[in-house]
Chemist: 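Can you read through this structure? Questions will come right after.
As the structure lists them, so they are numbered: ligands from 1, and atoms in each ligand from 1.
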Amino acid sequence: MSDYILDMRGIVKDFNGVKALDGIDLKVRAGEIVGLCGENGAGKSTLMKVLSAVYPHGTWQGQIFWEGKELKAENIRQTEEAGIVIIHQELMLVPQLSVAENIFMGNEITLPGGLMNYSAMYKRAEELMAELKMPDVNVALPVFHYGGGHQQLIEIAKAINKKAKLLILDEPTSSLTKSETAILLDIIRDLKRKNVACVMISHKLDEVAAVCDTVSVIRDGTHVGTRPMSEIDTNEIITMMVGREIKNLFPREEHPIGDVFFEARNVTCLDVNNPARKRVDNISFKLRKGEILGVAGLVGAGRTELAMAIFGCYPGQSSAELWLDGKKIDVGSPRDAVTQGICLVPEDRKRHGIVPLQGVGANITMAVLENYAKFGTIDAEAEMAQIQKSIARMRIKTAAPNLPIKGLSGGNQQKAVLSKMLLPKPKVLILDEPTRGVDVGAKYEIYKLMFELVKEGLSIIMISSELPEVLGISDRVLVIGEGQLRGDFVNQGLTQEQVLAAALGHTEELAA
Ligand SMILES: Nc1ncnc2c1ncn2[C@@H]1O[C@H](COP(=O)(O)OP(=O)(O)OP(=O)(O)O)[C@@H](O)[C@H]1O
Ligand SMILES: [Mg+2]
């Protein structure tokens, strides 16, 4: 009993009468790595926010024992002082501040007299970067210079610097590359050796299996079970999560593929910060009617820029010749693109996908509000009917359609953004990392939906960093590397190795 440093008992948390947590227990030993798994909206993030006092003592029921004593923390500062450090699902860095300033925010090293001791902070920040195998990071530069993967590791540096005894990672690898993920998992193992415990929330069950000692699964705010990782495999975790077995993770369905329907020629996009560099370098490709075209490549290869350039996000900075259904089209803005039948579900939903404080429903109908215009006002009834339909189709978990979308779990926000982009009835749908942060069950539903859509004649471009997903779902696969087209493969017998080799520039054949 006493070897547990953390013992959460019977935690109950509700939001406006809706129970997000309904009596959950969670125990963690010193140096133990616990995987916390569950579907979108199961309550994982909420449980960790209770633990770290984002929700202070008194705003939930139950008890938390930390190192044998009851913890009644009122704010994050107190839990951090106790050694509990959380890294949230959505990154919390201040982009304009330097890497060092972010690491030491609220925890500054000062000189006697109170002035900031920048040289000490820079030195320590550099040490941390070296420890995290990112020696090339300039700690004096603003954080926005670095991509999502680096930012995630900078968050980790910040946490390590706080001398955590328990590190909570809420989906830490969702925006990391394979190599960054490997570094992170190594860091977690390293911390374990130093007796630091870790709770890792992740939908990537292979990572959970690779690093965790124990797995705890929750469903609908209740505890389903806790098992040593050595006794179960990822399939069993899935069964515990969704309450049923999912045999085939990629429910591929036969569907007819028509003639070339969309074509992009010579897409080029310059780097804003460095116009001498091309983020997308003269890429051309074709998309057939009813086809799912997977776009693979390493993170930073230029896939998102390719999609955003086609979608008209970079006027003046990008060029492309586009044909849709045999006609040349001009896309000067995302609005243009939507009007002509091209929709894009962005990768970074927080920045481009949602209006956080608006209702779930308002977010869904945002792009098609004019459809409900009636005598100069909005036909609220028709709009609500559509919202209900969308919520039901995607099984978006929300207590009410008018609650702010911000309150939804990450995966459910993603489903809402997807619903929003289906309403303009696109002919070409571009999905950028559509299943990031989405649980296995919901992933399955998103794939099913994609097959329904292509059967209706839509064409889909799916950018994904998950190779099993690209290979499991696509009809054809484009491989992008360093802004260039490195491969265009028919997905028949295509292997992960072939795609990776192409991404890295070890090109063999270019099948058209
Ligand atoms: N601030 C909030 N206001 C209202 N409801 C909330 C709030 N935060 C969470 N909820 C609700 O509590 C439930 C649990 O959400 P939580 O974010 O903990 O899920 P999760 O397991 O982390 O999911 P995901 O895998 O999608 O991140 C959801 O139904 C969510 O809508
Ligand atoms: Mg969450």
Chemist: Is the backbone N or O of S464 less than 3.5 Å from a side-chain atom of R303, with the two atoms forming a donor-acceptor pair by type?
Modeler: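 Yes, because the side chain of R303 sits within donor-acceptor range (under 3.5 Å) of the backbone of S464.
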Chemist: Please indicate whether any nitrogen or oxygen in N40 is less than 3.5 Å from any nitrogen or oxygen in ligand 1.
Modeler: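 N/O-N/O distance below 3.5 Å exists for this pair.
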Chemist: Assess E171 for proximity to ligand 1: is some non-hydrogen atom of it under 4.0 Å away?
Modeler: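 The answer is yes: ligand 1 sits under 4.0 Å from a heavy atom of E171.
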Chemist: What do you reckon, does N16 have a nitrogen or oxygen under 3.5 Å from a nitrogen or oxygen of ligand 1?
Modeler: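 In fact, backbone or side chain, N16 has no N or O that close.
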Chemist: With respect to A42, determine whether any N or O atom, backbone or side chain, lies less than 3.5 Å from an N or O atom of ligand 1.
Modeler: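 Yes, A42 has an N/O under 3.5 Å of an N/O on ligand 1.
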Chemist: Given G221, G407, G41, A20, which one has a non-hydrogen atom that is nearest to atom 30 (C) of ligand 1?
Modeler: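 The option holding the nearest heavy atom is G407.
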Chemist: Report yes if L408 has an N/O atom closer than 3.5 Å to an N/O atom of ligand 1; otherwise report no.
Modeler: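 Such a contact does not occur with ligand 1.
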Chemist: In terms of residue, atom name and distance, what is the protein heavy atom nearest to atom 27 (O) of ligand 1?
Modeler: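 Checked against all protein heavy atoms, atom 27 (O) of ligand 1 sits closest to Q89 NE2, 3.0 Å.
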Chemist: How close does the nearest protein non-hydrogen atom get to atom 18 (O) of ligand 1, and which residue and atom is it?
Modeler: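 For this ligand atom, the closest protein heavy atom is T46 OG1, 2.5 Å.
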Chemist: Heavy atom under 4.0 Å from ligand 1: found in H203's side chain, backbone, both, or neither?
Modeler: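 The part of H203 near ligand 1 is the side chain, not the backbone.
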Chemist: Starting from atom 3 (N) of ligand 1, find the nearest protein heavy-atom neighbour and note its residue, name and distance.
Modeler: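 Answer, as residue, atom name and distance: F15 CD2, 3.6 Å.
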Chemist: Does G43 have a heavy atom less than 4.0 Å from any atom of ligand 1?
Modeler: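 So G43 counts as touching ligand 1.
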Chemist: Side chains of S409 and N40: do they bring a donor and an acceptor to under 3.5 Å?
Modeler: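 No donor-acceptor contact under 3.5 Å links the two side chains.
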Chemist: Taking only Lys NZ, Arg NE, NH1 and NH2, and the carboxylate oxygens of Asp or Glu, determine whether D439 and R219 approach each other closer than 4.0 Å.
Modeler: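 R219 and D439: not salt-bridged.
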Chemist: State whether F15 and K13 meet the cation-pi test: NZ (Lys) or CZ (Arg) under 6.0 Å from the six-membered ring centroid, and within 45° of the perpendicular axis.
Modeler: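 Yes, a cation-pi geometry.
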Chemist: Looking only at N/O atoms, are G410 and ligand 1 under 3.5 Å apart anywhere?
Modeler: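 Min N/O separation from ligand 1 is below 3.5 Å for G410.
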Chemist: With atoms numbered from 1 as shown, which atoms in ligand 1 lie under 4.0 angstrom from a non-hydrogen atom of S45?
Modeler: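 Listed by number with element: 17 (O), 18 (O), 20 (P), 22 (O).
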Chemist: Examine ligand 1 and decide if any of its atoms is less than 4.0 Å from a heavy atom belonging to E39.
Modeler: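 A heavy atom of E39 does come that close to ligand 1.
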Chemist: Of all heavy-atom pairs between S419 and I396, which one has the smallest distance, and what is that distance?
Modeler: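 Closest approach of S419 to I396, heavy atoms only: OG-CD1, 3.7 Å.
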Chemist: Under 3.5 Å, is there a donor-acceptor pair between the side chain of K44 and the main chain of E39?
Modeler: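 Such a contact is found between K44 side chain and E39 backbone.
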Chemist: For a distance under 2.8 Å, tell me if N40 has an N/O/S atom near the Mg ion (ligand 2).
Modeler: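 Coordinating: no.
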Chemist: Could you tell me whether the side chain of E347 and the main chain of D432 form a donor-acceptor pair under 3.5 Å?
Modeler: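 No; judged by distance alone, with no hydrogens or angles, the pair does not exist.
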Chemist: With heavy-atom distances below 4.0 Å as the criterion, list the atoms of ligand 1 near G411.
Modeler: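 Every atom of ligand 1 under 4.0 Å from some heavy atom of G411: 26 (O).
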Chemist: Looking only at side-chain N and O atoms, does T435 offer a donor or acceptor that is under 3.5 Å from a partner on E469?
Modeler: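 A donor-acceptor contact under 3.5 Å links the two side chains.
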Chemist: Looking at K72, I'd like to know if its NZ atom is crowded, meaning that more than 12 non-hydrogen atoms belonging to other residues, nucleotides or ligands lie closer than 6.0 Å.
Modeler: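 No.
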Chemist: Ignoring hydrogens, what is the shortest heavy-atom contact between I87 and I156? Give both atom names and the distance.
Modeler: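 Where I87 meets I156 most closely, the heavy atoms are CD1-CA, 3.7 Å.
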